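If you're wondering where the values come from, they're calculated on a predicted model, not measured in any experiment.
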Amino acid sequence: MAVAVRGNRGGGSGGINGGLRAFFSHRIFISATFTLLFLATLSALFSPHPHHHPSLPSSGNAYVQRTFLAIKSDPLKTRLDLIYKQANDHMTLVNAYAAYARKLKLDISRQLRMFDELAKNLTDLPLKPSYKSSLFEPGSDVDEDVLRQFEKEVKEKVKVARLMIAEAKESYDNQIKIQKLKDTIFAVNELLIKAKKNGAFASLISAKSVPKSLHCLAMRLVGERIAHPEKYKEEGYKAEFEDPSLYHYAIFSDNVIAVSVVIRSVVKNAEEPWKHVFHVVTDKMNVAAMKVWFRMRPVEGGAHVEINAVEDFSFLNSSVTMAAPPKPTRIGLAGLAVMGQNLALNIAEKGFPISVYNRSTSKVDETVVRAKKEGDLPLYGFHDPESFVKSIQKPRVIIMLVKAGSPVDQTIKTLSAYLEKGDCIIDGGNEWYENTERREKAMAELGLLYLGMGVSGGEEGARNGPSMMPGGSFEAFKYIEDILLKVAAQVPDSGPCVTYIGKGGSGNFVKMVHNGIEYGDMQLIAEAYDVLKSVGKLSNDELHSVFSEWNKGELLSFLVEITADIFGIKDDKGEGYLVDKVLDKTGMKGTGKWTVQQAADLSVAAPTIASSLDARFLSGLKEERVEAAKVFKAGGFGDILTDQVVDKKQLIDDVRQALYASKICSYAQGMNLIRAKSIEKGWDLELGELARIWKGGCIIRAVFLDRIKKAYDRNPDLANLLVDPEFAKEIIERQSAWRRVVCLAINSGISTPGMSSSLAYYDTYRRERLPANLVQAQRDYFGAHTYERVDVEGSFHTEWFKIARQLKK
């Protein structure tokens, strides 16, 4: 808010005329004052004596009249008037605070009742018979003893009023500010809703609320985000956003420039800018622009900026009323993003009353509304962590579904403040297994139990039945076993898709490898699609039919099923099919990279999974690939090197067999990695049981997982799936088709890193002797690393360089 101060426009040039005007103005003012005082005195003296009313006036002419009479006739009446005025003033103030409380919908509060009671006492005080007859009867003299008693009572009540007002003033003032803010936001929101109903564009609405130049800036910032999404990925939650030891500021604005100026001004003048946290609240349509601005122009000094939409704060939205559970709930869930919401609804639907909590309380409200709509499910929302924790039956069990890393630590810190010994926290996110082991030890020191539980199946799986992989405290697992058995996906021939995985971080580790296998599976399917489309020239309709048919046989799986669906979906924004309009850049969240890193650390070959990760890296180089295509096209190389005449039917069958054989290699690599880590950590994991719980609910669910389970049931110490008699037979039968597909792709210039590396893995594993003897000889030549012999035991070193030099002479 700007305040304009107007200065003396005449400057110093008033001169004599200015002095005379000032002098005569002064004289006129004094004369007028004395005249008014004289007339008022005459009026008071010659007016009839007023009749007292229980509500004695405290201001205006009537009060002036009463006061002059009191001065003339009775000093006790003057004292009575002053006492009564003091009581009346405080009664007015008390009534004002009571009115504010009603406006703020605090009718049931203790303070409001006290204010009302005090105002009534002050009003009724002069009506007491003893006071009315002795102090307020017309024409009667004031009884001094009664006046003292009246004065004493008034002072006591005034003292109480002042104490109450001092206690309530700060909280009421804050509530009034919040209410004004809510009123403003609701008014704006109503205009937005009305405009949207009338078909107005968001840009037009924005243009009306901010200057045109700022509107254009916001549009450019949003355009920048759309053009370069990889540069503006969500940074996620920071622990500093809720650190009470830092300085926190709330800024409500749709003006990106104004927000930037305010933040930079504070930071510039701060001695320790890294201790300042700015919480910017803006309209939903401006969030993206604000985030791009501060990503392009980071605040110096390490200050922290959090940007949220108004809708993220429940106190600005009174449309949802939270119902308290009739008795303590069976379980709690914190973190209500897509997976959290759906898992909570799944648990409630299975008959387990559940309490839910989220840092952004709008998610709590949204989940409560969904629970009502989806069958009035026993789900109860809480906006603060303390009431959330206390609403759960003991020993308490709370599932967290928040982003991996520091948000998990912050959530644990928030919840554990209200937990008691024997309570349990379960992390259901994609967390690094060593973090889970660290947290389990830290929780044990507090007397709390801890589980790291992998949850697979995405949004649909979480809502209707996921595959779950809990690991850590077995005691904690027993707390929640009855819930997990009902909530998990149910497979008719093998039961619920959940089992106790093992100790420590085994649950998170198994889920990580599951995701690595998923990376490989998706890459192999994409390569099959590329060969069929680029070499076989299959249309999307044909691809839809092919994958639908494949999903009826040995390739029956969730990923093949959704691939068939994708090929059948038309573009709702233009001509053709939607899949052809999707940008060829694949995102990732880190579990695939962790899997490859662990494979390297454990010296376990996982080339199919690694090649799928490399393919994602290369897909991210879209701009570079576009330029590279221009360079090589100028040299005579197009996307497809040669158009080969193929038999479509034969090609489709060959690709099916190549895909199946490659998938076996991908799963074999994942299982070998899990076994290696189990041996290292002493987890005693059962690979067959893992295959069983992956048969339903999860992303990699497939019919041939049942055969993998049977392979490990036949031989728990199976070195590799490739040497299981049944799988070995199937790969031998398919290897010819597999090789034809890889050769066809290579000759056509189509990259098939997943299929090629899977075939190389198979060929390498099946050969008794490899060229590794030469590599080891080279290592001994230049680094004296020694080598072993095939005919004599022991380690050997040869002076290769000396011998070679002698031979060259």
Side-chain angles (χ1 to χ4, degrees), residues 517-571 576-588 592 608-609 611-620 622 625 629 638-644 646-666 699-700 702 704 734 737-759:
I517 295 171
E518 179 185 310
Y519 272 49
D521 222 345
M522 295 170 73
Q523 177 62 29
L524 293 171
I525 291 171
E527 292 173 14
Y529 153 65
D530 196 9
V531 172
L532 291 175
K533 180 183 178 182
S534 300
V535 180
K537 309 300 181 186
L538 270 69
S539 67
N540 286 321
D541 283 335
E542 290 174 311
L543 288 166
H544 171 71
S545 298
V546 167
F547 278 86
S548 296
E549 190 62 31
W550 285 357
N551 198 48
K552 297 174 184 177
E554 62 190 7
L555 290 173
L556 171 62
S557 64
F558 173 72
L559 286 172
V560 170
E561 177 187 355
I562 67 170
T563 302
D565 292 342
I566 288 169
F567 290 129
I569 295 175
K570 298 283 185 69
D571 182 12
Y577 288 83
L578 182 55
V579 68
D580 297 324
K581 308 293 177 63
V582 177
L583 184 66
D584 53 324
K585 289 173 68 171
T586 306
M588 68 193 86
T608 309
I609 300 172
S611 64
S612 70
L613 186 65
D614 290 338
R616 294 195 183 197
F617 293 152
L618 286 166
S619 77
K622 175 64 176 179
R625 290 189 288 110
D639 281 351
I640 307 300
L641 297 184
T642 57
D643 281 328
Q644 302 184 53
V646 296
D647 181 336
K648 271 191 180 183
K649 186 177 180 181
Q650 181 64 49
L651 177 64
I652 290 169
D653 190 59
D654 282 353
V655 172
R656 174 185 61 78
Q657 295 184 64
L659 177 58
Y660 183 79
S662 299
K663 281 167 65 76
I664 293 174
C665 291
S666 181
I699 302 300
I700 64 171
F704 89 131
R734 289 163 176 77
W738 194 3
R739 297 181 195 282
R740 284 196 297 270
V741 171
V742 171
C743 289
L744 180 64
I746 291 171
N747 290 331
S748 299
I750 296 172
S751 60
T752 53
M755 288 187 180
S756 300
S757 60
S758 297
L759 180 58

State whether the side chain of Ser662 and the backbone N or O of Leu659 hold a donor-acceptor pair below 3.5 Å, judged by distance alone. no
Is there a side-chain contact (heavy atoms from CB on, under 4.5 Å) between Val535 and Ile640? Walk through the geometry before answering. CA-CA 8 Å; Val535 180; Ile640 307 300; 5.6 Å; no
Step through the shown structure and confirm whether more than 12 heavy atoms of other residues, nucleotides or ligands are within 6.0 Å of NZ on Lys570. no
Give me the atom names and distance for the closest heavy-atom approach of Asp647 to Lys649. OD1-N, 3.1 Å
From CA spacing to verdict: side-chain contact (heavy atoms from CB on, under 4.5 Å), Ile609, Leu613: CA-CA 6 Å; Ile609 300 172; Leu613 186 65; 6.0 Å; no
Closest heavy-atom pair and its distance - Pro753, Gln523: CG-NE2, 3.9 Å
Show, in sequence, the C-alpha distance, side-chain angles and deciding distance for Glu542 and Ser539, and conclude whether the side-chain contact (heavy atoms from CB on, under 4.5 Å) test is met. CA-CA 5 Å; Glu542 290 174 311; Ser539 67; 3.4 Å; yes
To the nearest 0.5 Å, how far apart are CZ in Phe617 and OG in Ser612? 9.5 Å
Indicate the atoms forming the closest heavy-atom contact of Cys665 with Trp738, along with that distance. SG-CH2, 3.7 Å
What's the separation between atom OH in Tyr519 and atom CG in Leu524, rounded to the nearest 0.5 Å? 14.5 Å
Is any side-chain heavy atom of Leu744 closer than 4.5 Å to a side-chain heavy atom of Leu651? yes
Using a 3.5 Å distance criterion without hydrogens, assess whether the side chain of Thr752 forms a donor-acceptor pair with backbone atoms of Glu527. no
Taking Val546's backbone N and O only, do any of them form a donor-acceptor pair with Glu549's side chain (distance below 3.5 Å, no angle check)? no
Among residues two or more places apart or on two chains, list those pairs meeting salt bridge (Lys or Arg N to Asp or Glu O under 4.0 Å) that have a residue in residues 744-753. none
With rounding to the nearest 0.5 angstrom, report the CZ to CG distance, Phe704 to Leu555. 8.5 Å
Could you report the tightest heavy-atom contact between Ile562 and Leu559, atom names first, then the distance? CG1-O, 3.4 Å
Looking at residues at least two apart in the chain, or sitting in another chain, which of them share a side-chain contact (heavy atoms from CB on, under 4.5 Å) with Glu554? Arg656, Tyr660, Arg734
Suppose we screen for ring pair (Phe, Tyr, Trp, His ring centres under 6.0 Å). Which residues come up paired with Phe567, at least two apart in sequence or across chains? Tyr529, Phe547
Nearest heavy-atom pair of His544 and Ala564: which atoms, and what distance? ND1-O, 2.6 Å
Do the side chain of Asp521 and the main chain of Ile517 share a donor and acceptor less than 3.5 angstrom apart? no
Step through the shown structure and confirm whether more than 12 heavy atoms of other residues, nucleotides or ligands are within 6.0 Å of CG on Asp565. yes
Step by step, would you call Asn747 with Leu641 a side-chain contact (heavy atoms from CB on, under 4.5 Å)? CA-CA 7 Å; Asn747 290 331; Leu641 297 184; over 6 Å; no
Determine whether a donor-acceptor pair (N or O, by modelled atom type, separation under 3.5 Å) exists between the side chain of Ser748 and the backbone of Ala745. no
Test salt bridge (charged side-chain N to carboxylate O under 4.0 Å, His left out) applied to Asp584 - qualifying residues, sequence neighbours left out: Lys622, Arg625
Could you tell me whether a side-chain N or O of Ser666 sits under 3.5 Å from a main-chain N or O of Lys663, the two making a donor and an acceptor? no
Measure from the side-chain N and O atoms of Ser757 to the backbone N and O of Gly754, and report whether any donor-acceptor pair falls under 3.5 Å. yes
Run the salt bridge (charged side-chain N to carboxylate O under 4.0 Å, His left out) test against Asp530 and tell me which residues pass, sequence neighbours left out. none
State the OH-CG distance between Tyr577 and Asp571, to the nearest 0.5 angstrom. 11.5 Å
Ignoring hydrogens and angles, tell me if any N or O in the side chain of Ser545 forms a donor-acceptor pair with the backbone of Asp541 under 3.5 Å. yes
Salt bridge (charged side-chain N to carboxylate O under 4.0 Å, His left out) filter on Asp614, not counting sequence neighbours, yields none
So do Val560 and Ile525 actually touch side chain to side chain, heavy atoms under 4.5 Å? yes
Which atom pair, heavy atoms only, marks the closest approach of Ala658 to Met755? CB-SD, 4.2 Å
